[in-house]
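Ligands are counted one by one from 1 in listed order, and the atoms in each one are counted from 1 as well.
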Amino acid sequence: MEIRAPRGTEDLFGEDLELVVALEERFREHVRRFGFQEIRTPILEYAELFVRSVGPTTDIVEKEMFTFPDRGGRVLALRPEGTAPVVRAYVNHKLYADLLPVRLAYAGPMFRYERPQAGRQRQFHQLGVEVLGGEGPELDAEVIALGHEFLASLGLGDVRLELSSVGCPVCRPRYLERLREYFLPHRDELCPDCQRRLERNPLRILDCKLDRDKDFVREAPKLFDSLCDDCRRYHEEVAVHLTSLGIPFVVNPHLVRGLDYYVRTAFEWVDASLGAQDAVGGGGRYDGLVAELGGPPHGGIGFALGVERLVLGLKNRGIRLAPPRHVDVYVAAFGGGAARRLPLLFHLRRAGFVALGDADTEKVRTLLRRADRLGARVVVLVGDEEVARGEVAVKDLASGTQEAVREDELVAWLRRHLAQDG
Ligand code: AMP
């Protein structure tokens, strides 16, 4: 029986992979201009890292982590998200001793045990940034604007930016108490998971896939309406800075992010061209996290974009990022020219051309057909007569014209010819 890739994972190759690689390269180039440096953390972490950061009552930790014991019995997890590992590295390597804030970017696979569907896999890829050791509404706006301009540079400028605030350790506990009181009379109408959440983390009820559309859940008091004065002012300043940078956004008081570590600024990018899974990215501020993981009381803010959903959004809009695969030159060697094939191919490749070719005892026509299928622009023909004269015949596949060129002038001829073609 044929063995398949695990459910919710996929092989990336061909045009899809080229698009993903192009996205990563564009992202690296983009964040470099904002002074970010790349960081690569392990794909495996101790599960405890996510329990302590993402939160023990979140869906990610309760249901979606791939965990397993190592041979020594410690529980490892395939990382479900990128922020906690980056913060762990910041603490472990005392990166905070450097000039602050520290600006880090990452790209790589994440794993969540979710029910696979369009735009939702068990292995997916994220592009993300984290700014550590800095705070203030201006910084938040800068990070959000960085993300938004990246999307715009891809042609996804119509993706909707939703902004909210999830409060702070002053106003959130007060709100949670209100929320618990509000839900208590509705206890029996909640799903079994949410009945548990009512005690441990009533905020989760608001984004429960089963309960969130029930009327009494929709009408529940909103965190955004219970913000303390400091949080409200902070949020308003973020909004002012975004406006001054010309970044369009809407305030979404319903926005609750599925990770516990966020404080104040929270945001999401929503792509209306996608189906049910329409969030292409999201992030927020996480001021307690560095200290929680054993570091100094430094603030942080970041976001992550989902590569697979970006790819879907680009395809929905007919946007192509990666140049189509192309071959500049095809070497068709026949008869006594067969021995010239490999030296010619390497000569051309060393000169920078994308070159492929075959030697064939069959008709030249067979070789020309292969060149055509590869999309080559020029065919270099070399047979007995050409070898005898130290020449090759060059044929432009688009125009069909053919001429003789001395072998030692071939590279110069191709440079001129391909440049003319554009
Ligand atoms: P989150 O860490 O949940 O805020 O996710 C950030 C972004 O990662 C989302 O907006 C999605 O684009 C992407 N993402 C999260 N989970 C998945 C998944 N299971 N499959 C594909 N993309 C995902």
query: Distance under 6.0 Å and angle within 45° of the ring axis: does Arg74 meet both against Tyr46?
result: yes

Among non-hydrogen protein atoms, atom 2 (O) of ligand 1 lies closest to Arg112 NH2, 2.8 Å

For the residue pair Phe224 and His235, is the inter-centroid distance of their aromatic rings smaller than 6.0 Å?
yes

Check your understanding: Considering residues, nucleotides and ligands other than Phe346, do more than 12 of their heavy atoms fall under 6.0 Å from its CZ?
Key -> no

In this structure, atom 13 (C) of ligand 1 is nearest to the protein heavy atom Gly306 CA, 3.7 Å

query: Is there a side-chain contact between Ile144 and Phe303 (heavy atoms, below 4.5 Å)?
result: no

Check: Should Gln121 be counted as touching ligand 1, given the test is an N or O pair under 3.5 Å?
Finding: yes

Closest to atom 9 (C) of ligand 1 among protein heavy atoms sits Ala279 O, 3.8 Å

Residue, atom and distance of the protein heavy atom nearest atom 19 (N) of ligand 1 read Glu114 OE1, 2.6 Å

Point to revise | 4.0 Å heavy-atom contact, Glu308 with ligand 1 | key: no

Q) Tell me, do Arg172 and Leu223 make a side-chain contact under 4.5 Å, heavy atoms counted? A) yes

#### Entry: Test of proximity, Leu305 against ligand 1: N or O pairs below 3.5 Å
no

Margin query: Is the shortest side-chain heavy-atom distance between Val159 and Val270 below 4.5 Å?
Written below: no

re atom 4 (O) of ligand 1, the protein heavy-atom contact at minimum distance is Arg257 NH2, 2.5 Å

Is there any N or O on Gly281 that sits under 3.5 Å from an N or O of ligand 1? yes

heavy-atom search around atom 8 (O) of ligand 1 in the protein gives Gln126 NE2, 3.0 Å

Any heavy atom of Met110 under 4.0 Å from ligand 1? The part involved is neither

Under a 3.5 Å cutoff, is there a donor and acceptor pairing between the side chains of Asp188 and His186?
no

**OP:** Indicate yes or no: at least one non-hydrogen side-chain atom of Arg196 is less than 4.5 angstrom from one of Arg200.
**Re:** yes

Q.
Does any N or O of ligand 1 fall below 3.5 Å from an N or O anywhere on Val280, backbone included?
A. yes

### Message
With nothing but distance in play, are any N or O atoms of Arg120 less than 3.5 Å from an N or O of ligand 1?
### Response
no

How about Ile60 and Arg112: do any of their side-chain heavy atoms sit closer than 4.5 Å?
yes

Q. Should Glu81 be counted as touching ligand 1, given the test is an N or O pair under 3.5 Å?
A. no

